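For clarity, every value in this text was computed on a predicted model and none was experimentally measured. Throughout, numbering of the chain's residues begins at 1 and tracks the sequence.
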Amino acid sequence: QVQLVESGGGLVQAGGSLRLSCVASGRTVNRYTIGWFRQAPGKEREFVAAANWDGGSTSGADSVKGRFTISRDNAKYTVSLQMSNLKPEDTAVYYCAADGPFTLSRSPSDYDYWGQGTQVTVSS
């Protein structure tokens, strides 16, 4: 089992940047793919990006390609999401989640463990 804690959310103007962090408890973090998802009010939770167990393979949603970058440092049990050129439509609660080590699933139902989320608000 792994516990996940997100941080780094906040209020930023359009065009600005934020860096989200997901810290995993335990020494087994390198057994998991870590994904980032987001959920805006009234909308379904949607995939943002994922990195496999060693960060050697990553995947990102088309809506964030070229703006968001996922990376991980297993020695620090941390997976980061660097977000640049933020847009008002990026406003949502952002969650990190853990899945099997080799998958890069985009489906929230495939992820077994979830953090509590961090709010990102982008003003126009």
#### Entry: Residues Arg106, Ser59; criterion side-chain contact (heavy atoms from CB on, under 4.5 Å); working and verdict
CA-CA 9 Å; Arg106 299 186 173 209; Ser59 179; 2.9 Å; yes
### From CA spacing to verdict: side-chain hydrogen bond (donor to acceptor under 3.5 Å, both in side chains), Ser107, Ser109
CA-CA 5 Å; Ser107 174; Ser109 62; 2.9 Å; yes
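Judged by distance alone, with hydrogens and angles left aside, the side-chain atoms of Tyr111 form no donor-acceptor pair with the main-chain N or O of Cys96 at under 3.5 Å. When atom types are taken as modelled, the side chain of Arg72 and the backbone of Asn52 share a donor-acceptor pair closer than 3.5 angstrom. Put simply, the side chain of Thr58 never gets that close to the backbone of Ala50: no donor and acceptor are under 3.5 Å apart. Although no hydrogens or angles enter the test, the distance criterion places no donor-acceptor pair under 3.5 Å between the side chain of Gln13 and the main chain of Ser123. Ser124 places no side-chain N or O within donor-acceptor distance of the main-chain N or O of Pro88, the cut-off being under 3.5 Å. No side-chain donor-acceptor contact under 3.5 Å links Asn74 to the backbone of Tyr77. Thr118 places no side-chain N or O within donor-acceptor distance of the main-chain N or O of Tyr94, the cut-off being under 3.5 Å.
Grouping Ile, Leu, Val, Met, Phe, Trp and Tyr residues whose side-chain heavy atoms lie under 4.5 Å apart, directly or via other members, places Trp53 in a hydrophobic cluster with Phe102.
Surrounding CD of Gln116 are more than 12 heavy atoms belonging to other residues, nucleotides or ligands, all under 6.0 Å away.
By the ring pair (Phe, Tyr, Trp, His ring centres under 6.0 Å) test, Phe47 is found to be paired with Phe37, residues two or more places apart in sequence or in another chain being considered. The ring pair (Phe, Tyr, Trp, His ring centres under 6.0 Å) check on Tyr95 picks up nothing, with sequence neighbours excluded.
Under the 4.0 Å criterion applied to side-chain N and carboxylate O atoms, Lys65 and Asp62 are assigned as salt-bridge partners.
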